[in-house]
Amino acid sequence: MQQSVKQSSILRLAVPVPLRRLFDYLPPAGVDPSRLAPGQRFWVPFGGRKLVAVLVDVVSESSLTQLKPALEQIDREPLFDRRSREFLHWAADYYQAPVGEIYAAALPAALRKGRPADHWAEQWLQLTVEGKGLPESALARAPKQQALLQLLLQRGRQSRTQLKAQGHTGTIVRALQERGLVEWVAGPTVPPPLPAAEPAPPPELNQEQQQVLAAIGTDSFSATLLEGTTGSGKTEVYLRLMERVLTQGRQALLLVPEIGLTPQTLRRIAARFPDRSIAALHSGLAEGERAQAWLSAAAGQADIVIGTRSAILTPLPRLGAVIVDEEHDGSFKQQDGVRYSARDLAVVLGRNAGVPVLLGTATPSLESLHNALSGRYQHLRIRQRAGNARPPQISLVPTLGQPLKEGFAPQVLRHIGDTLARGEQALVFINRRGFAPALACDDCGWLADCPHCSSKLTMHRRQRQLRCHHCDYRRPLVDSCPQCHSRSISALGGGTERSEELLARRFAGFPVIRIDRDTTSSKQALDNLLAPARDGKPCLLLGTQMLAKGHHLPRVTLVVIQDADGGLFSADFRAAERTGQLLEQVAGRAGRGDLPGRVLVQSRYPEHPLLQLLLEKGYGAFARQLLRDRAVAQLPPLRAMALVRAECEEPRWAEEFLQAAREYMQSLAPPSPELQYLGPVPALLERKSGRFRFYVQVTAEKRAQLQPLLAHLCQWAEGSRNRRLRWAVDMDAQELS
Ligand code: ADP
Ligand code: ZN
Ligand code: ZN
């Protein structure tokens with residue numbers, strides 16, 4: 001008979017490998033069992049490698065017959081508190097992800113690589129139990145000591161640096177120490193300070209803003225969709241909610257989309273809370289800075305945590321509220337690895353912690369709108385723009401049969417000229433970067449394709465390159481056809497670079513600022529590029545969707561949408577929703593200050609009913625119509641949907657794997673009106689980076705029908721070992737590409 005291992009302490013660890021289970025190890029030699037606590041990291045041997053794993057549990061029996069010892073204990077204090085661990089395990093279950101991978105996704109790179117946390121530690125002064133029990137009136141005869149005590153009561157622990165900055169001397173600290181009221185402990189350093197904008201007095205809230213704040217409690221869980229027009233003062237509402245949470249001595253978490261975390265946003269928040277500790281978690285930080293910010297959040301030291309998607313996985317022991325800005329943004333869904341939605345997890349986290357969750361946007365995702373309309377979320381609205389700003393006037397410009405100049409109708413160019421001449425700013429939105437999305441031979445019809453993807457190469461004229469926007473393949477621009485050697489080749493269609501050339505020539509006296517991924521390699525670059533626009537001088541901004549968000553430019557009075565048609569005819573059922581959001585957001589850049597705004601939307605199909613609805617009735621009515629359409633088509637959010645994806649250099653293998661996966665699932669749960677299967681079908685981008693991609697789509701009336709099925713599928717798929725095939729389960733998939 002096989003013997004299982006019994007021992008007083010066995011470590012049950014989450015190891016970052018793509019297997020959906022935990023792994024048992026013996027404690028490293030010489031480790032005191034009383035110092036073991038879930039949430040600590042360990043170095044462990046794994047298949048000839050050395051990995052950083054997180055302790056989930058200490059048990060006394062393992063089903064294995066032989067256990068290896070872990071190599072080394074990294075942390076003395078746990079990095080993840082209990083609530084955070086439970087949350088991560090919940091997420092791993094829900095998204096069918098390996099637990100080890102979700103812990104790895106939660107950790108910043110430096111800690112993932114095993115750097116010790118005390119590298120970023122310093123000394124902190126905190127109240128002892130006796131200190132916390134003192135009445136307010138204590139120490140009335142020693143005012144300096146009382147002041148320090150008050151500070152610690154209100155703000156929690158203070159670092160040596162902070163104490164010094166506020167004039168609390170060592171003598172005062174020692175006096176309190178001798179009374180047994182305070183003690184020094186090691187803790188993470190404060191996050192690097194943020195540059196703040198000029199502090200300005202907060203505006204007086206208008207009635208709608210006040211009503212919103214009144215409707216959001218702070219003492220229990222609630223989920224609220226705040227649907228507020230662009231420029232209606234949602235950010236002001238977030239700031240007030242944060243303030244309330246901070247005065248309760250709790251932490252506020254603000255999630256923003258990838259392009260939303262601009263220096264401008266950070267400055268605005270830093271200016272409002274100058275004496276608070278703010279941790280910004282974003283990819284622009286150096287590894288060490290990011291670890292430091294993360295540790296201060298996880299230790300409960302940072303009062304405000306602002307971050308993109310992965311910030312939702314950070315432990316926040318004093319959490320008081322979660323705010324998701326631009327909740328509709330696609331960047332909240334992770335598209336590889338653990339495919340979680342930070343927006344959806346925000347609601348789960350809020351429920352676990354018993355705190356309010358606020359999802360704000362001008363253009364709700366259909367998921368959140370459905371939750372709000374069905375009463376699952378509280379639905380609050382702000383209809384007025386804040387301050388003196390009025391809604392912009394929107395008109396359609398038909399382009400079929402018009403003498404277009406590089407894609408612009410004559411009257412549109414005239415409007416741009418007039419705007420600049422009046423000393424105001426214009427913004428032109430173009431949804432493609434580069435010079436042209438395709439290059440073709442006029443004689444034989446050759447098209448420049450990506451050798452690795454099923455897509456065309458985009459021409460980048462200034463760099464004299466052809467580039468693939470899916471896999472980043474690059475090759476030099478050709479000036480003759482590689483097939484027939486004709487010298488007559490044409491750039492088809494237009495992108496930001498092409499429009500920039502035309503507009504810079506046409507409006508030579510004014511700065512033309514192009515904002516897209518090619519001109520803004522760093523966050524700072526975007527900020528610098530926008531500086532002239534913020535100064536309020538007449539200028540012309542043109543760019544991709546990077547321009548749609550986060551920027552408050554009060555002197556932009558004209559917005560031009562060069563082509564509204566792209567998303568109206570896509571095979572992706574979410575394309576119309578995304579187009580509507582984008583158009584409304586871009587349009588919302590017009591007239592955010594005292595000057596009235598105007599929006600010109602070019603379209604080949606101005607009669608298209610969805611476009612008409614969007615422009616006449618606004619995004620709200622448009623989105624409600626889309627929801628009705630989704631109900632008829634039995635699509636999310638009215639049904640739950642997951643994709644089982646597979647990709648392989650050999651397309652047949654991916655298809656066969658998925659066919660078998662579908663049959664396996666059907667053997668467990670046959671198709672029925674409640675549960676439907678589709679596929680395997682090729683992804684919208686069928687080939688990417690040399691691999692062919694397919695998926696099987698499973699839709700169900702309820703999530704509960706999907707979960708156990710997918711869990712079984714993962715067990716089944718882990719058993720099939722074709723090393724060249726990659727597979728994944730994408731719960732609540734957002735992209736069919
Ligand atoms: P949103 O986040 O909805 O786009 P913001 O909060 O950025 O809107 O507000 C837009 C502008 O209006 C900002 O300049 C902001 O300072 C200002 N603002 C917000 N609330 C008020 C108010 N109650 N009174 C006056 N101005 C306000
Ligand atoms: Zn040719
Ligand atoms: Zn490619």
Side-chain angles (χ1 to χ4, degrees), residues 197-213 226-242 254 256-257 260 262 264-265 267-269 271-272 323-327 358 360-363 380-391 439-458 466-475 478-490 534 548-556 584-585 587-594 685-691 693 737:
E198 283 294 304
E204 188 113 5
L205 293 186
N206 62 35
Q207 210 188 348
E208 285 186 311
Q209 288 170 317
Q210 285 174 18
Q211 282 164 354
V212 168
L213 274 165
L226 172 57
E227 188 178 359
T229 326
T230 48
S232 63
K234 293 183 294 296
T235 310
E236 189 55 43
V237 171
Y238 306 156
L239 292 170
R240 299 297 173 106
L241 179 61
M242 285 182 185
L254 172 64
V256 294
T262 58
Q264 204 185 358
T265 313
R267 275 199 299 267
R268 185 167 170 193
I269 296 167
R272 182 62 64 87
I323 302 165
V324 184
D325 187 25
E326 311 287 6
E327 66 83 27
L358 179 60
T361 177
T363 52
L380 302 175
R381 305 185 74 165
I382 312 184
R383 291 162 208 268
Q384 299 287 310
R385 279 193 158 185
N388 295 322
R390 271 146 305 180
L439 188 70
C441 170
D442 297 330
D443 289 329
C444 76
W446 167 85
L447 271 166
D449 287 320
C450 174
H452 309 296
C453 304
S454 40
S455 72
K456 307 273 165 281
L457 294 173
T458 300
L466 291 167
R467 292 187 189 168
C468 174
H469 287 183
H470 298 290
C471 71
D472 212 30
Y473 167 83
R474 291 161 190 222
R475 58 175 280 187
V478 290
D479 19 60
S480 62
C481 170
Q483 205 162 272
C484 75
H485 308 291
S486 158
R487 298 192 69 82
S488 167
I489 43 182
S490 312
R534 270 200 307 275
K549 290 165 202 163
H551 314 292
H552 183 65
L553 299 166
R555 292 201 56 90
V556 170
E584 180 93 4
Q585 295 280 350
R589 300 301 111 192
R592 286 171 63 97
D594 293 337
L685 184 68
E686 184 170 355
R687 184 161 173 254
K688 186 178 172 186
S689 303
R691 279 187 295 273
R693 312 153 79 234
S737 60

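Remember, it's 1-based here, ligands and their atoms both numbered in the order they're listed. Along the sequence shown, the residues carry numbers beginning at 1.
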*asked:* Can you report which non-hydrogen protein atom sits closest to atom 19 (C) of ligand 1, along with the distance?
replied: Ala386 CB, 3.5 Å
*Quick one: nearest non-hydrogen protein atom to atom 14 (O) of ligand 1, plus distance?*
His552 NE2, 3.1 Å
*Which of the numbered atoms in ligand 1 are below 4.0 angstrom from a heavy atom of Gly233?*
1 (P), 3 (O), 5 (P), 6 (O), 8 (O), 9 (O), 19 (C)
*Please report the number of protein N, O or S atoms that lie less than 2.8 Å from the Zn ion (ligand 2).*
4
*Measure from the Zn ion (ligand 3) to each N, O or S atom of Cys450 and report whether any distance is below 2.8 Å.*
yes
*Looking at Lys234 and Glu326, does any basic side-chain N land under 4.0 Å from a carboxylate oxygen?*
no
*Return yes if some donor-acceptor pair links the side-chain N/O of Thr229 with the main-chain N/O of Ile382 below 3.5 Å, else return no.*
yes
*At the Zn ion (ligand 3), what angle lies between atom SG of Cys468 and atom SG of Cys471, rounded to 10 degrees?*
110°
*Who pairs with Asp449 by salt bridge (Lys or Arg N to Asp or Glu O under 4.0 Å), at least two apart in sequence or on another chain?*
Lys456
*Nearest to atom 15 (C) of ligand 1, what protein heavy atom do you find, and at what distance?*
Arg268 NH2, 3.8 Å
*So which heavy atom in the protein is nearest atom 4 (O) of ligand 1, and how far is it from that ligand atom?*
Gly231 N, 3.0 Å
*Could you confirm whether His470 has any N/O/S atom lying under 2.8 Å from the Zn ion (ligand 3)?*
no
